[in-house]
2 protein chains.
Amino acid sequence: MTLSKMADAGVGAKNKARIMDAAEKAFAQNGFKGTSVQQIADGAGLPKTNVLYYFKSKQDLYLAVLQQTLSLWNSRFDQATAEDDPAEILASYITEKVEMSRTHPVASKIFAMEILNGAPNLNRYFDDEHAKWMASRIAILKAWMDSGKMRRMDPYYLLFHIWSSTQHYADFAVQVTRLRGAKMKKADYQAATQQLIEVILTGCGLTVPEKYRSSI
Amino acid sequence: MTLSKMADAGVGAKNKARIMDAAEKAFAQNGFKGTSVQQIADGAGLPKTNVLYYFKSKQDLYLAVLQQTLSLWNSRFDQATAEDDPAEILASYITEKVEMSRTHPVASKIFAMEILNGAPNLNRYFDDEHAKWMASRIAILKAWMDSGKMRRMDPYYLLFHIWSSTQHYADFAVQVTRLRGAKMKKADYQAATQQLIEVILTGCGLTVPEKYRSSI
DNA sequence: GCCGATCCTGACCATTCAGTCATAGTGCCA
DNA sequence: TGGCACTATGACTGAATGGTCAGGATCGGC
C-alpha cells in the first residue's frame, strides 16, 4: 500500500492517488521540467488524458504533490517550549528527521529538487508558514541558551545543520549506498541517527539523554 | 571573469568556455532533462547550432560540465596521514568545503542534481576514483581513532555529516536566504563555518585548534 | 593570393511535448 | 426506462525538442 490516501471515498479518488504516487516518484527524480505527463501516466498505468482529467495541468499536479510533501514536515519540536529539555527535544527531532529520510525519501527529494530549481512554487510557503515556524523555533532555542540550558550559538545555523545532515540520507541515498557498498538498512539508519545525536548534542554542550545513548 | 578557463589558446576555446558556463548554470537549475540546448545557447549568446558544433550532443556537453565539477573536489584532507592532527585537518576540511559552497555554488548544485537524478553518469566515478579516495580516508580516520586521537565512531557517517552540512549552504541557498531574510555574506559564511567546526570537532572529542576558534 | 582547417549558422527534420475536444462508457437516483 | 453527472480516452494540434546538413565565413601558413 504505497498509494497516497485511498480515502476521499470518491469513485476515481483511487486513481487520483495512484497518479500522485507516480507523479511524486517522477518529479523527485527528474524535476518538474524533466518530467512528462506521459511518463507519469505510464507510471500510473493510465492513459495520459486520464491524468489531465483529474489534474487540469502538469503544474496543477505538481503543486498537489508538493503540497502533500509539505504536510509531512511536522515533528515533536513544533510543540516544544522554553521549559522543555533541549537535549531531549533535539535528540527526538534528529531521530524524527532521519526516520523521515528513511520512510519518505521521495518527499524529501521533491523538496530538495524544488529548492535546487530556485523554489519557484514556495514563495507563499516561505513567507507564511515556514517563516513563522522558524521564528518561533528560533525563539525557543534562544530561550534555552539564555537560561544556560545549552551553549550559546547561532540558532539558524544549528537548524540548517540538523536539516542537512538528516535529509542527506534521503537526498543523497545513491551516493551513500555506492560509497558504503550496501544499502542502508534500518539498523544502519539507527546507528547514523545515534552518531548524529552524539556529535550534535555534545557540540551544543548538551548531554545525550539515556534513551538516545549508544549501546556500544 | 566567470568564464571557465580561457586557456587552451584555441580560437573558439573562449566560446567553449562560455558555453560551459551557461550550461553549468542551466543544468544546475533544471537538471539534464529539464534543460534545452536552445536555453544554453541563449545563455551563452550564441546560436544553437554553434553549441552543437563544439559539443556533438547535449549529453556530451553535460558530461564535460560534470567532469569539470568533479575536478574541483580536492582538498587538504586528500594528503592527510595518520600522523597529522585530526582536529587541524578536519577543521580545515570543513572550512574548505564551506568555502567551496560559497565560491562555487553552481558546481555543488550540479553534483546534487546528478545524485538526485540517480547518478546515471557517475558509475565509473563512484567505482573508481571516489571509492578509492573514500577507502583511503576511512583508513586515516580509523587510524586516528585507534591511536586515541579522536573519539571512536563510524567514519562513513562522519564524512556524510561533514559533506551534507557544508554543501547545504550551496544546494539549499535559496531556503537559507529566505529563512534568514538576507543573503549570506562572507562574514556569515565564516560564522557558519566556525559553528560547524565547533559542533563537529567537539562532538568528535577534539579540541578546536586556536586559529579556528571563534572570537566571541 | 591561394588552400585547407577551423569556425559558424540558417534551414530543415523527426519526435515529443502539454493540452484540447468531441465522443463514449458508467453509476446512480428518480 | 430515462436522465444526468462523473469518468474515461483516442485523435488531434501547435509549439518545442535534439540533432543534421549543406553552405558559407574566417583564419594562419605558404
Side-chain angles (χ1 to χ4, degrees), chain A residues 3-66 110 113-114 117 120-121, chain B residues 3-66 110 113-114 117 120-121:
Chain A
L3 296 187
S4 290
K5 285 187 185 176
M6 296 273 298
D8 280 81
V11 190
K14 180 170 51 173
N15 277 4
K16 215 167 169 175
R18 195 205 283 295
I19 290 167
M20 283 187 68
D21 281 337
E24 197 182 22
K25 279 174 198 145
F27 285 136
Q29 186 148 121
N30 301 113
F32 178 73
K33 290 190 191 173
T35 301
S36 74
V37 177
Q38 184 65 63
Q39 179 184 342
I40 294 168
D42 291 347
L46 295 168
K48 188 183 69 163
T49 28
N50 204 348
V51 172
L52 289 164
Y53 166 71
Y54 286 105
F55 301 90
K56 70 174 192 293
S57 70
K58 186 171 100 165
Q59 171 83 8
D60 221 55
L61 171 53
Y62 177 74
L63 289 179
V65 169
L66 188 59
I110 289 270
M113 190 72 81
E114 170 71 14
N117 288 356
N121 301 289
Chain B
L3 296 186
S4 289
K5 285 188 183 178
M6 298 271 297
D8 280 80
V11 188
K14 179 169 51 173
N15 278 4
K16 215 167 169 176
R18 193 206 285 294
I19 290 167
M20 284 188 66
D21 281 337
E24 197 181 22
K25 279 174 199 145
F27 284 135
Q29 187 148 120
N30 300 112
F32 178 73
K33 291 189 191 174
T35 301
S36 72
V37 178
Q38 184 64 63
Q39 179 185 341
I40 294 169
D42 291 348
L46 295 168
K48 188 183 67 162
T49 28
N50 204 347
V51 171
L52 288 164
Y53 166 71
Y54 285 106
F55 301 89
K56 70 174 191 292
S57 69
K58 186 170 98 163
Q59 172 82 9
D60 221 56
L61 171 52
Y62 177 73
L63 289 179
V65 168
L66 188 59
I110 289 270
M113 189 72 81
E114 169 71 14
N117 288 355
N121 301 289

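In what follows, every heavy atom counts, from backbone to side chain, and hydrogens, waters and symmetry copies are set aside. Proteins come first, then strands; the chains are lettered A, B, ... in the order of their sequence lines, and each starts at number 1.
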Heavy-atom side-chain proximity of B/Arg18 to B/Tyr54 below 4.5 angstrom: no

Which residues share a side chain to side chain contact (heavy atoms under 4.5 Å, CB included) with B/Ala23, sequence neighbours left out: B/Phe27, B/Ile40, B/Leu61, B/Val65

Whole angstrom value for the distance that separates C1' of D/dT7 from CZ of A/Phe55: 14 Å

Any donor-acceptor pair under 3.5 Å from B/Lys16 side chain to B/Phe55 backbone: no

Spacing between B/Asn15 atom CG and C/dT9 atom P, to the nearest angstrom: 8 Å

Under 4.0 Å protein heavy-atom contacts per nucleotide of nucleotides 12-22 of chain D, with B for base, S for backbone only and - for none: -----SBBBB-

Nearest-angstrom distance from the residue atom NZ of B/Lys14 to P of C/dC8: 9 Å

Nearest-angstrom distance from the residue atom CZ of A/Arg18 to P of D/dA8: 10 Å

Set of side chain to side chain contact (heavy atoms under 4.5 Å, CB included) partners for A/Asn117, sequence neighbours left out: A/Met113, A/Pro120, B/Met113

pair B/Phe32-B/Lys58: side-chain heavy atoms closer than 4.5 Å: yes

Whole angstrom value for the distance that separates C1' of C/dC17 from CG of A/Asn30: 15 Å

Rounded distance in Å - OH (A/Tyr53) to P (C/dG25): 16 Å

d(CG, A/Asn50; C1', D/dG10) in whole Å: 12 Å

Check: A/Gly31 main-chain N/O paired with B/Lys33 side-chain donor or acceptor under 3.5 Å: no

